[in-house]
Amino acid sequence: MHLPENFLSEYQSAYSQFNDDSQLLIEKWPELRQSELKRVIALSQFVTDSLCQDDELVQILPDMLEKKERCSTYRDRLATLLQSCNDENCGLKVLRQFRRREMVYIAWRDFTNNWSLDESLSHLSMLAEAMIFETYRWQYKLCCDEWGTPCNASGEPQPMLIIGMGKLGGGELNFSSDIDLIFTYPENGETQGARRSISNAQFFTRLGQRIIKALDQQTFDGFCYRVDMRLRPFGESGPLVMSYAAIEDYYQEQGRDWERYAMIKARVMGSEMYPEYQELRQMLRPFVFRRYIDFSAIQSLRRMKSMISSEVRRRGLANNIKLGAGGIREIEFIAQVFQLVRGGREPSLRGRGLLETLAAVKELNLLDNTEVEQLEASYRYLRRQENLLQAMADKQTQTLPEHESDQLKLACAMGKETWQEMLQDTQNHMQVVHAIFEQLIGEEEEESTAVKKHFSELWDMAHKEEVIEHVLEQDLSREAPEKEAQVIIQFKNDLAKKTLGPRGREVLNKLMPKVFQSIFLHEEAEFGLPRVLHLLHKIVTRTTYLELLDEHPAALTQLVRLCTASPMISEQLSRFPILLDELLDPNQLYNPVPLESYKTELRDYLARIPEDDMEQQMEALRQFKQICSLRIAAADIAEVLPVMKVSDHLTYLAEAIVEAVINQAWLQLSEKYGEPTHLKDREGKGFAVVGYGKVGGWELGYNSDLDIVFMHDCPVNIYTDGKKEIDGRQFYLRLAQRIIHIFSTRTASGILYEIDTRLRPSGVSGLLVSPTEAFEEYQQNDAWTWEHQALVRTRLIYGDKPLALAFGDIRHRVLSRVREKEKLKQDVAAMREKMREHLGEKKIGRFMLKQDKGGITDIEFLAQYLVLSFSNEHTSLTRWSDNVRIFESLASQGVIDESEALALNNAYTTLRDEIHHRNLLNQDADVDESRFIEERTCVNEQWDKWFT
């Protein structure tokens with residue numbers, strides 16, 4: 001066999017890698033085989049490596065090459081080898097060695113060009129089928145020994161069918177191709193013959209996993225095939241194995257056009273399985289081949305064609321003989337166009353192989369004879385070139401080499417003198433194919449802008465990872481295309497589990513390119529993408545919401561903007577899609593209810609629901625809170641509201657809800673028991689709610705609890721005036737319990753607020769509702785210093801005038817008591833240290849905004865200490881419960897300098913602002929320790945001033 005002079009050095013280099021024993025064996029080879037060896041190992045590193053690793057192969061290869069055909073004995077020989085295996089490692093070794101030896105034989109015949117393309121493809125496909133099916137038989141027996149034999153309800157053993165897709169199914173496998181498989185079994189049931197039965201689904205899933213591992217796992221001896229299961233129903237997110245009935249349901253209900261396209265080539269592995277497969281094939285035939293001439297397929301085919309063209313343009317695939325313009329894929333596509341459109345009426349078009357399909361196209365005069373012959377010739381040329389290209393190093397590639405030595409090797413393998421001569425032949429074939437391709441499919445309607453095509457591709461090609469990554473990287477200049485591609489692919493895979501119906505799928509196909517376009521207009525699209533897709537996944541089965549977003553661009557824009565800015569909002573919208581209606585009017589969305597109007601707005605909102613329908617009233621309260629919170633957050637994100645105003649809105653909203661809940665609870669109890677009789681000659685309910693902490697200080701955040709204490713002024717020996725009379729103080733206890741119930745019950749819209757009443761006198765062991773005199777007595781005689789600190793940040797958030805006056809007097813008297821300053825200082829400092837020990841969660845290199853030294857809690861403790869220390873001298877210091885106005889009051893009374901008050905307030909609002917925005921982003925309240933140095937220094941200086 002002729003070897004060009006410039007490859008002699010390649011041969012000598014390859015030959016020098018053989019050990020002495022191998023070289024001695026080669027010297028005994030027939031002269032023809034020695035001559036062929038020079039050519040083959042000069043051109044193929046794969047063959048060289050295989051011979052170097054396997055001395056026995058060097059010995060037996062000449063005898064192997066004497067046989068013109070080996071594929072008919074693949075199964076029997078492999079089955080015999082596997083039967084002698086006593087353990088899994090032995091089986092893995094046998095499989096890998098068997099494949100490598102037979103692939104050397106195939107490569108040898110390819111590089112010496114002494115057989116046809118059909119023979120090469122047939123051997124490659126039958127080898128893969130033998131490997132798959134004999135692995136199945138080997139593992140099926142082992143699994144039956146372990147878990148019993150899977151049987152149907154009648155006790156008949158059930159097999160697992162392995163369906164080969166793509167080129168494997170068509171009998172046209174590449175040299176280094178993946179194998180695309182689908183696993184299925186006829187009927188459900190349980191295993192029989194083992195001590196413990198398992199379901200057939202469980203059995204076949206375990207069997208499938210073992211088969212994949214046996215073929216795909218990388219061992220010392222390499223691997224057999226990359227196994228791709230993504231073509232199965234529901235893709236990667238679906239079950240590994242499904243019964244016939246489940247597969248039929250899937251394709252009838254949810255089958256996509258591309259799945260029709262893929263299913264044309266489906267073929268069961270193992271000839272003995274053909275009878276079992278006929279039932280399933282008959283079930284699937286109506287899905288793949290319509291009974292009429294299916295011109296409806298043309299539009300989807302045009303979309304596929306547009307994707308191919310865009311992929312070629314995007315990836316610059318002129319040198320790719322599969323994906324480039326006029327490449328193998330376009331020939332396959334041409335053949336399958338006729339199969340999809342006319343296969344239902346023409347049985348001759350239902351074949352799996354490409355060449356047999358082209359023969360049928362020719363017979364039916366669907367294309368000009370010359371064009372069919374050109375397609376056949378080009379296909380044979382390009383497929384031979386593809387196999388040789390892959391056999392050079394057993395690598396899955398269809399891109400013509402760029403390195404000069406590899407170019408010369410491929411040209412030589414193709415029988416050409418020069419690279420340019422071979423390249424010209426390749427280009428001629430591809431130009432002919434592309435011309436037929438363009439003429440046959442026609443153009444899809446152009447989008448209004450080129451940019452839109454990219455977003456359509458992100459949706460249409462979501463099953464092709466490399467395509468999505470390329471669009472993201474090249475067309476959209478994304479910095480993390482791999483990560484974002486995974487988000488999109490996972491989203492589409494997850495949708496496969498949903499039952500959308502034709503209308504839902506149609507709306508989704510229209511909507512998704514718009515969604516992607518809107519997301520990637522944002523600088524922070526990396527955050528918006530997963531959040532928006534998560535939300536869509538939650539609402540996708542509710543077609544009305546999809547149509548709302550599709551038909552109202554402004555609503556989609558607001559949705560993307562809010563989700564991109566805040567995971568908190570995206571989670572809220574995901575959980576409660578009714579809020580999507582709020583997106584329709586941006587003017588209303590970004591304008592929260594005026595502070596003074598929350599109570600009247602809530603009264604109006606509840607007025608449309610009957611008073612006695614408590615379930616609906618509770619649901620309406622939650623919905624009102626969600627709507628208002630969404631508007632506040634939207635205004636916050638749009639920077640319409642500063643952080644102090646955001647807290648004001650959230651606080652006023654909470655107060656309005658507290659009032660409405662009390663009214664509901666009161667209505668329920670008074671209907672049953674009447675009202676306490678001491679209320680007859682006065683207005684109000686004789687009931688109050690004291691707000692502590694954030695609600696007490698007008699500083700509520702989006703996720704804040706309500707720290708509250710209940711009070712009443714009901715004298716002893718008072719009863720209610722209803723049909724069912726109870727003690728007045730018992731009435732108020734039940735009222736508080738009912739209030740907590742309304743707040744805490746989880747309805748379809750979640751809970752209203754988390755309620756914490758542990759700050760009441762004596763904590764959890766104390767009365768749930770305190771009489772005013774008992775509250776004062778406890779504060780004056782029994783309360784700890786930390787409880788007086790807590791009292792600094794309190795105010796009445798609900799209550800009639802007598803109770804408001806009573807609480808104000810109690811608070812003032814307690815806070816303005818004369819205190820021994822040294823003991824107060826020790827108590828406050830000790831409590832601060834105790835809190836830091838219990839609540840501090842130190843992270844290396846991070847500053848915890850609340851609990852670390854110089855943080856918010858230090859500022860709050862300073863305010864509380866100074867109020868408790870100086871209120872006896874400056875009684876106006878008890879007026880306010882929020883830190884900002886406390887520091888202003890301390891400055892106005894001369895306790896601290898104005899500059900100190902300003903610096904503390906600046907530190908406080910700056911740190912609060914950071915926490916607040918981290919809440920919107922669902923992030924922990926810690927930052928890099930290099931931040932807020934100035935604020936922390938200010939706080940630490942003040943702490944040292946007062947506590948050291």
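In what follows, residues are counted from 1 in the order of the sequence shown.
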* To do: Measure the shortest side-chain to side-chain distance between Phe204 and Pro150 over non-hydrogen atoms and say whether it is less than 4.5 angstrom.
  => yes

* Asked: Do Glu373 and Asn369 meet the criterion of a side-chain donor-acceptor pair at a distance under 3.5 Å?
  -> no

* Structure fact -> The residue among Leu375, Val372, Ile334, Val337 that forms side-chain contact (heavy atoms from CB on, under 4.5 Å) with Val361 is Val372

* **Separation between CD of Gln398 and CD1 of Ile328, rounded to the nearest 0.5 Å** => 7.0 Å

* Asked: Given the rule in the side-chain hydrogen bond (donor to acceptor under 3.5 Å, both in side chains) test, do Arg100 and Gln97 qualify, once you have shown the distances and angles that lead to the verdict?
  -> CA-CA 5 Å; Arg100 183 176 277 273; Gln97 188 181 73; over 6 Å; no

* Asked: Can you name the closest pair of heavy atoms from Cys151 and Asn200 and give their distance?
  -> O-ND2, 3.0 Å

* Return yes if a side-chain donor-acceptor contact under 3.5 Å exists between Asp55 and Gln59, otherwise no. => no

* Please confirm whether Phe175 and Phe46 have ring centers closer than 6.0 angstrom. => yes

* Asked: Taking it one step at a time, do Leu161 and Glu276 satisfy side-chain contact (heavy atoms from CB on, under 4.5 Å)?
  -> CA-CA 8 Å; Leu161 276 64; Glu276 301 276 0; 4.1 Å; yes

* To do: Using a strict 4.0 Å threshold on nitrogen-to-oxygen distance, state whether Arg352 and Glu172 make a salt bridge.
  => no

* Distance from Ile132 atom CD1 to Leu95 atom CG, nearest 0.5 Å? -> 11.0 Å

* Asked: More than 12 foreign heavy atoms under 6.0 Å from CD of Glu69: is that the case here?
  -> yes

* Asked: Between Thr426 and Gln385, does any side-chain donor sit less than 3.5 Å from a side-chain acceptor?
  -> yes

* Ring-face cation contact, Tyr225 with Arg99, 6.0 Å cut, 45° max -> yes

* Tyr140 versus Thr149: any side-chain heavy-atom pair under 4.5 Å? -> yes

* Asked: Do you know the tightest heavy-atom contact between Val58 and Leu51?
  -> CG2-O, 3.5 Å

* **Option passing side-chain contact (heavy atoms from CB on, under 4.5 Å) with Leu181 (candidates Met165, Arg230, Met229, Arg232)** => Met229

* Under 30°, 30 to 60°, or over 60°: which ring-plane class applies to Tyr105 and Trp115, parallel, tilted or perpendicular? -> perpendicular

* Would you please classify the geometry between the Phe437 ring and the Phe333 ring as parallel, tilted or perpendicular, with 30° and 60° separating the classes? => perpendicular

* Do side-chain atoms of Arg96 reach the backbone of Gly222 as a donor and acceptor pair under 3.5 angstrom? -> yes

* Distance in Å, Glu236 CD paired with Asn493 CG, rounded so as to fall on 0.5 Å steps -> 5.5 Å

* To do: Mind running side-chain contact (heavy atoms from CB on, under 4.5 Å) on Phe18 and Leu25 for me, showing each step along the way?
  => CA-CA 10 Å; Phe18 293 112; Leu25 285 170; over 6 Å; no

* **Least distance between heavy atoms, Tyr185 atom then Met160 atom** => CB-CA, 4.5 Å

* Quick one: do the Arg281 and Gln278 side chains pair a donor with an acceptor below 3.5 Å? -> no

* To do: Supply the atom-to-atom distance Ser176 OG to Met103 CE, rounded to the nearest 0.5 angstrom.
  => 5.5 Å

* **SB check Glu36 Arg33 (cutoff 4.0 Å)** => yes

* Please find out if less than 6.0 Å separates the ring center of Phe133 from that of Tyr136. => yes

* Report yes if some heavy atom in the side chain of Leu400 is under 4.5 Å from a heavy atom in the side chain of Gln407; otherwise report no. => no

* Say whether, by atom type as modelled, one donor and one acceptor occur between the side chain of Ser378 and the main chain of Gln374 under 3.5 angstrom. => yes

* Asked: So, Arg210 and Glu88, do they make that salt bridge, N to O below 4.0 Å?
  -> no

* For the residue pair Leu78 and Val94, establish whether any side-chain heavy-atom pair is separated by less than 4.5 Å. => yes

* Salt-bridge criterion met for Asp180 and Lys167 (N-O under 4.0 Å) -> no

* Do you know which two heavy atoms are closest between Trp29 and Pro62, and how far apart they sit? -> NE1-CG, 3.3 Å

* N/O donor-acceptor pair under 3.5 Å between Ser84 side chain and Leu81 backbone -> yes

* Asked: Side chains of Leu61 and Leu37: does their closest heavy-atom pair fall under 4.5 Å?
  -> no

* To do: Please step through side-chain hydrogen bond (donor to acceptor under 3.5 Å, both in side chains) for the pair Asp49 and Gln53, ending with a clear verdict.
  => CA-CA 6 Å; Asp49 292 344; Gln53 291 171 23; 5.4 Å; no

* To do: Please round to the nearest 0.5 Å and tell me the distance separating atom CH2 of Trp147 and atom OG1 of Thr191.
  => 10.0 Å

* Arg109/Glu119 ion pair, N-O < 4.0 Å -> no

* With a cut-off of 6.0 Å (strictly less than), are more than 12 heavy atoms of other residues, nucleotides or ligands near CD of Glu272? -> yes

* How about Asp20: does its CG atom have over 12 heavy atoms from other parts shown lying under 6.0 Å from it? -> no

* Asked: Is there a donor-acceptor pair under 3.5 Å between the side chain of Glu129 and the backbone N or O of Gly270?
  -> yes

* To do: Report yes if the side chains of Glu482 and Glu465 come closer than 4.5 Å at any heavy-atom pair, otherwise no.
  => no

* Would you call Tyr15 and Gln23 a side-chain contact if the rule is heavy atoms closer than 4.5 Å? -> yes

* Please check if atom CD in Glu404 has more than 12 non-hydrogen atoms from other residues, nucleotides or ligands closer than 6.0 Å. => no

* Let me see the working for Arg137 and Gln83 under side-chain contact (heavy atoms from CB on, under 4.5 Å), right down to the final yes or no. => CA-CA 10 Å; Arg137 293 211 307 170; Gln83 277 175 358; 5.7 Å; no

* Return yes if some donor-acceptor pair links the side-chain N/O of Arg226 with the main-chain N/O of Asp178 below 3.5 Å, else return no. => no

* Asked: Do the charged groups of Glu134 and Arg77 touch, with an N to O distance under 4.0 Å?
  -> no

* Does NZ in Lys93 sit with more than 12 non-hydrogen atoms of other residues, nucleotides or ligands closer than 6.0 Å? -> no

* **Non-hydrogen atoms of Leu284 and Ile247 that approach each other most closely** => CD2-CG2, 4.1 Å

* To do: Salt-bridge test for Glu146 and Arg206: reply yes if a basic N is under 4.0 Å from a carboxylate O, no otherwise.
  => no

* Run the side-chain contact (heavy atoms from CB on, under 4.5 Å) check on Thr357 and Ile264 step by step: do they pass? -> CA-CA 11 Å; Thr357 301; Ile264 289 171; over 6 Å; no

* Structure fact -> Closest heavy-atom pair, Glu27 versus Gln34, reported as atoms and distance to 0.1 Å, is O-NE2, 3.1 Å

* Salt bridge check: are Arg383 and Glu386 linked by an N-O gap of less than 4.0 Å? -> yes

* To do: For the residue pair Leu127 and Leu173, establish whether any side-chain heavy-atom pair is separated by less than 4.5 Å.
  => no

* Asked: Taking Glu259 for the side chain and Pro233 for the main chain, is one N or O donor matched with an acceptor at less than 3.5 Å?
  -> no

* Structure fact -> Rounded to the nearest 0.5 angstrom, the CZ-OH distance for Arg267 and Tyr277 is 9.5 Å

